[in-house]
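Following: one structure in structure tokens, then a few remarks.
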Amino acid sequence: MELKELYQEIILDHGKNPRNKGKCDGYTNDAKAHNPLCGDKVHIYLKLNKDKEIEDLSFEGEGCAISLASASILTEIVKGKNLSFLKKINDDFLNMIKNKTKIRLNSLTEDQITTITSLSGVQEFPMRVKCATMAWHTCLSAVEKK
Amino acid sequence: MELKELYQEIILDHGKNPRNKGKCDGYTNDAKAHNPLCGDKVHIYLKLNKDKEIEDLSFEGEGCAISLASASILTEIVKGKNLSFLKKINDDFLNMIKNKTKIRLNSLTEDQITTITSLSGVQEFPMRVKCATMAWHTCLSAVEKK
Amino acid sequence: MNIKNIKKEFPIFKQKINGKPLVYLDSANSSQKPKTVIDKISQFYENEFSNVGRSVHTLAVKAANRFEATRDKVQKYLNAKHREEIIFTKGATEAINLVASSFGKKYINEGDEILITELEHHSNYIPWHYLRSEKGATIKFAPVNENGDVEIEDIKKLITSKTKIIAITHISNVTGAILPITKIVDLAKEKNIPVLIDGTQGAPHSHIDMQKIGCDFYAISCHKMYGPNGLGVLYMKKKWVDDLPPYQGGGGMINEVKKDDVTFAETNTKFEAGSMQTAEVVSFSESLNFIEKLGIKKIASHENEILEYGLEKLRKNNSINIIGDPKERGSVLCFTLKDIHPHDIATILDDDGVAIRAGHHCCQILHEKLGLPATARASIGVYNDKEDIDKLSEAIKNCQKIFQN
Amino acid sequence: MNIKNIKKEFPIFKQKINGKPLVYLDSANSSQKPKTVIDKISQFYENEFSNVGRSVHTLAVKAANRFEATRDKVQKYLNAKHREEIIFTKGATEAINLVASSFGKKYINEGDEILITELEHHSNYIPWHYLRSEKGATIKFAPVNENGDVEIEDIKKLITSKTKIIAITHISNVTGAILPITKIVDLAKEKNIPVLIDGTQGAPHSHIDMQKIGCDFYAISCHKMYGPNGLGVLYMKKKWVDDLPPYQGGGGMINEVKKDDVTFAETNTKFEAGSMQTAEVVSFSESLNFIEKLGIKKIASHENEILEYGLEKLRKNNSINIIGDPKERGSVLCFTLKDIHPHDIATILDDDGVAIRAGHHCCQILHEKLGLPATARASIGVYNDKEDIDKLSEAIKNCQKIFQN
Ligand SMILES: Cc1ncc(COP(=O)(O)O)c(C=O)c1O
Ligand SMILES: Cc1ncc(COP(=O)(O)O)c(C=O)c1O
């Protein structure tokens, strides 16, 4: 049943208890986004060190379970990784949502792959795709800003 | 056949050889009208004396056979009459076009009634009604202007 | 026709949504269309189509007659004094833009005030915002109270000698509040201030009589009145039809066009530039036929019964927070659900065939005031029945179940 | 599908006009619609109707997908680079008003020049006239020559350092002249002047490729392209989509709305305020299907054959004066008849089932130049054949007979 695909337990959990919520200390980059159609908002904060590693990563946001879960999952997976990882996983993620491909990045644990793949149910709900992708686009623009 | 009703010989004759065309000498009143949809134009000139008699009456205009014939017939019938006659025949005429009534004014000759009634064929051609009535409306506004 | 089985008149209800019968509770967004309206569009295109007002051949005459006959019908329906007071637009949005632009051009200057309310749909705010930016005018917002109503006293307080126009909604598309428009118009008349009423939600659900309301402008979207999309009606009092400058420029609205100057048609046509939505206008007369056959008062009281039933039912669910408690409510029921975002509600309800809307409903200012970025909205049309409400209520419970896991 | 018996695809030809088969020669005014287009409208209303872009339920998603799929289809058809370059409007008239208003607001100031031609339809003059009156700009008219053409040399001469925009028709709806738009765009590009093309008559009759033409704006009326009425397309180059301020204000075109300020959507949606003509947009994709199945080049060459046949036939009648003799002519044939006014011609031809148009065709400036208050116009669509021309020619003779009596 498609609806169950969309509202999987992992998503409901991340939606209810989003990880890394708030403004992380000493953030170096940030970016905001907003979906005027539905009012969803997200603000990504990230602390980049000289080695292009994402030392810290957090978000503030208002929105549906999908958008909160997506932001939460993003931060959980990307925190501590470097920029090149962020770009790759971002590509992979957006590809999964758009083209129904699988997550290919091999530096992920199986658990992480399950978590991130839980968002793929959104494919069948075109009006909700933006909920799932907004945080990811925003994270990228936070990085590209500076 | 309706078309024959519209393009009766009287109308074709008045259309080709309109009576009282031009600007009459010493006119006291005039009024212009113009149908922006089709470009028809009419300009009525009339010379009113102290006794409220229409001593002279003429028109300038551009337009279809119906509009020229209508103006021509108007001038022919009204010239020399007084204002009260003009108003009555105007009412009668517009009533005929709008409500398919007969011309009732009893001071008209049978010939005049035939002539004026020749315009009644326009009833079946709603887009052409304005062609037939424009001169009459304009004549009235020329009189009411002063 | 009988309201009890009126769904039969609407082809849309034949289909299943996700295998379930369609429960359409999104009529405030757009209503569904009865078969007579849909058929009229195809019949017109198949047998009588021509552009209106431009040619004299038979098809053009037929089309023009039907088009103008609809104008007459709308005039009667609204009890407008003159047929020239009925202007066809693309929708309520264009109708309000037209007034703001034409009235604004002539009458709004720097420092002038435009009085609206916190309830307004963006369509009745942004066009005035344009005047604010361009002319340096000010917009004042009459507050919405805790119940979702706007009080006439609060409007009174905001009127000053600089108030040039009052623009208010008839029925809020969020709180459902029916505004005391007749009283507001009376108040404005005393001060000689024209009033525009955004009747987008009012017209489908109430008997509207321009002589009784007395407003200067009344904007309608036909697609919310069981009519075609892409069509609106602007009622404009004759004095303004004669007085205001035209809006868009193009064919059909001119008097004389020269290289150095242009003069415009004197009456309503000056506001109707370009080829019109002839098929939509013609078919809208069937929407009015539909409404008249049932009777707008019967429709309103039927809708009210369903609405009351819905309020009662939803109030029994402790997790539901119903938005607003206005003195009089018109066929709109906005709510939120504890810990579940409105978008999730809408998606999950849809799985049960229940179509509602979630979001800010083009009322960001109101939602900011409510402290809610979004709400869920069930809105009632003539075709809804108590069973629809039961299904809504069940679907909400399913939604809660999913989130409780 | 075969052009030879294409009339079968158009339900309108089933009926009789005054007992005679319909000879429809008024396509430049509005074209008739194939059954596929008409059926799409009813199917959509019956099975899928919902407002677009506002709700997340199944019907709304279907409607939004179809709506945006049509945008993609139009993008491809016009060979536009980006889907955001396609803006849906009420018609070509609204499209041009939109550009004049948005571009004018930002870029036209006192003393600036707008360059148009003497051939323009009122829709491509009045919107610029508004800027002239409001901003104190100047309008320059490139002259039409004896043949009904506009020469590129004459346009060149009129360009000055103050020329801010050039707005020209693709095909004249009176002389039928096909303007050298690509050359004009090239010329304008050298001087960095944006070009708007009124493609109302161009789009139905020629292969149009935005990359080849290179213009900044191209306006289309769908109802002249075998599509629904009440719908237009404005192609707007991305740089302008990003740069120009919005047009009408309302739902769907905003970013953030606050009491003291409003920000707008960044892309094409900022120009699409309020509920859209969803059924029309959706059905327009069937019009493009229709055109693509036949092939626009085949349509054009078929129409050209009929047109040439018509010119030849009518030239044999000494009383007929054909308006214009342009280098290239597109499916329009205007004429006058010795001593018979065009309105009388149109009424009399209609009696024979022949539908043409008479008047100034919304080109008063051109008619003033021609020294004719009105002309009669036969215009060709894909469904016309040589027999239609024969009937036109016969009907003209009947008309002459009536007046010779
Ligand atoms: C050359 C030209 N431009 C503009 C228009 C206006 O198109 P519409 O009335 O569909 O907006 C027309 C159609 O009448 C036309 O022929
Ligand atoms: C109160 C109100 N005003 C205006 C509008 C705008 O109507 P439309 O989008 O049909 O122009 C709506 C509909 O969304 C509305 O509910």
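The chains referred to below are lettered A, B, ... by the order of the sequence lines, with proteins before strands, and numbering in each begins at 1.
Proximity to chain C is absent for every atom of D/Thr138, based on heavy atoms less than 4.5 angstrom apart. With a 4.5 Å cut-off on non-hydrogen atoms, D/Lys40 does not touch chain C at all. If you measure heavy-atom distances from D/Lys33 to chain C, the contacts under 4.5 Å come from the side chain alone. With a 4.5 Å cut-off on non-hydrogen atoms, C/Pro245 does not touch chain D at all. The contact between D/Gln15 and chain C is made entirely by side chain atoms (from C-beta outward), counting heavy-atom distances below 4.5 Å. Proximity to chain D is limited to the backbone of C/Thr89, based on heavy atoms less than 4.5 angstrom apart. Proximity to chain C (any heavy atom under 4.5 Å) is shown, for D/Ile12, by both the backbone and the side chain. In this structure, chain C has heavy atoms under 4.5 Å from both the backbone and the side chain of D/Pro228. With a threshold of 4.5 angstrom between heavy atoms, D/Arg132 approaches chain C through side-chain atoms but not through N, CA, C or O. Neither the backbone nor the side chain of D/Lys14 comes within less than 4.5 Å of any heavy atom of chain C.
Atom CD1 of C/Ile17 is separated from atom OG1 of D/Thr58 by 5.0 Å, given to the nearest 0.5 angstrom. Note that the OG atom of C/Ser42 and the CD atom of D/Gln43 stand 10.0 Å from one another [nearest 0.5 Å]. Note that NE2 of D/His57 and OG1 of C/Thr347 are 11.0 Å apart. Values are rounded to the nearest 0.5 Å. Expressed to the nearest 0.5 Å, how far CG of D/Asp260 lies from CZ of C/Phe141 amounts to 8.5 Å. Atom CD of C/Glu368 sits about 8.0 Å away from atom CD of D/Glu256, to the nearest 0.5 Å. Rounding to the nearest 0.5 angstrom, the gap separating the CG atom in D/Asp39 from the CD atom in C/Glu46 is 6.5 Å.
Contact detail for D/Gly249 and C/Pro127: the closest heavy-atom pair is O-CG, 3.7 Å. Nearest heavy-atom pair across D/Ser123 and C/Gly251 is OG-N, 3.6 Å. The two residues D/Phe49 and C/Ser31 have their closest heavy-atom pair at CE2-O, 3.4 Å. The minimum heavy-atom distance between D/Gly252 and C/Cys362, with the atom names listed, is N-SG, 4.3 Å.
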Decide side-chain contact (heavy atoms from CB on, under 4.5 Å) for D/Gln364 and C/Ile254; before the verdict, give the C-alpha distance in whole Å, the side-chain angles of both, and the deciding distance to 0.1 Å. CA-CA 10 Å; D/Gln364 283 193 3; C/Ile254 52 92; 3.5 Å; yes

Could you please spell out the steps behind the side-chain contact (heavy atoms from CB on, under 4.5 Å) verdict for D/Asp26 and C/Asn51? CA-CA 9 Å; D/Asp26 197 19; C/Asn51 217 344; 6.0 Å; no

Run the side-chain contact (heavy atoms from CB on, under 4.5 Å) test on C/Met276 and D/Asn229 for me, step by step, so that the C-alpha distance in whole Å, both residues' side-chain angles and the decisive distance to 0.1 Å come before the verdict. CA-CA 7 Å; C/Met276 295 299 285; D/Asn229 58 203; over 6 Å; no

Test side-chain contact (heavy atoms from CB on, under 4.5 Å) on D/Leu22 and C/Leu59; report intermediate values, then the result. CA-CA 10 Å; D/Leu22 168 63; C/Leu59 289 177; 3.8 Å; yes

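Ranked by heavy-atom pairs shorter than 4.5 Å toward chain D, the options C/Lys224, C/Glu134, C/His343 are led by C/Glu134. Highest contact tally toward chain D, considering only C/Gly250, C/Ala279, C/Ser133, is held by C/Gly250 [criterion: heavy-atom pairs under 4.5 Å]. Here C/Tyr247 is the residue among C/Tyr247, C/Phe264, C/Phe10 with the most heavy-atom pairs under 4.5 Å with chain D. Comparing D/Ile139, D/Asn18, D/Ile356 by heavy-atom pairs within less than 4.5 Å of chain C, the highest count is held by D/Ile356. Between chain C and the options D/Val262, D/Ile41, D/Val61, heavy-atom pairs under 4.5 Å are most frequent for D/Val262. When each of C/Val37, C/Leu349, C/Val281, C/Asp261 is checked for heavy-atom pairs under 4.5 Å with chain D, C/Asp261 comes out on top.
With D/Tyr130 as the aromatic partner, C/Lys105 meets the cation-pi criteria of under 6.0 angstrom to the ring centre and within 45 degrees of the ring axis. Geometric assessment of C/Lys259 against the ring of D/Tyr125 yields a negative cation-pi assignment under the 6.0 Å and 45° thresholds.
Residues of residues 91-100 of chain D that come within less than 4.5 angstrom of chain C, heavy atom to heavy atom, are D/Thr93, D/Glu94, D/Asn97 in numerical order.
For the pair D/Val56/C/Asp350, no side-chain contact is recorded, criterion being any heavy-atom separation below 4.5 Å from C-beta on.
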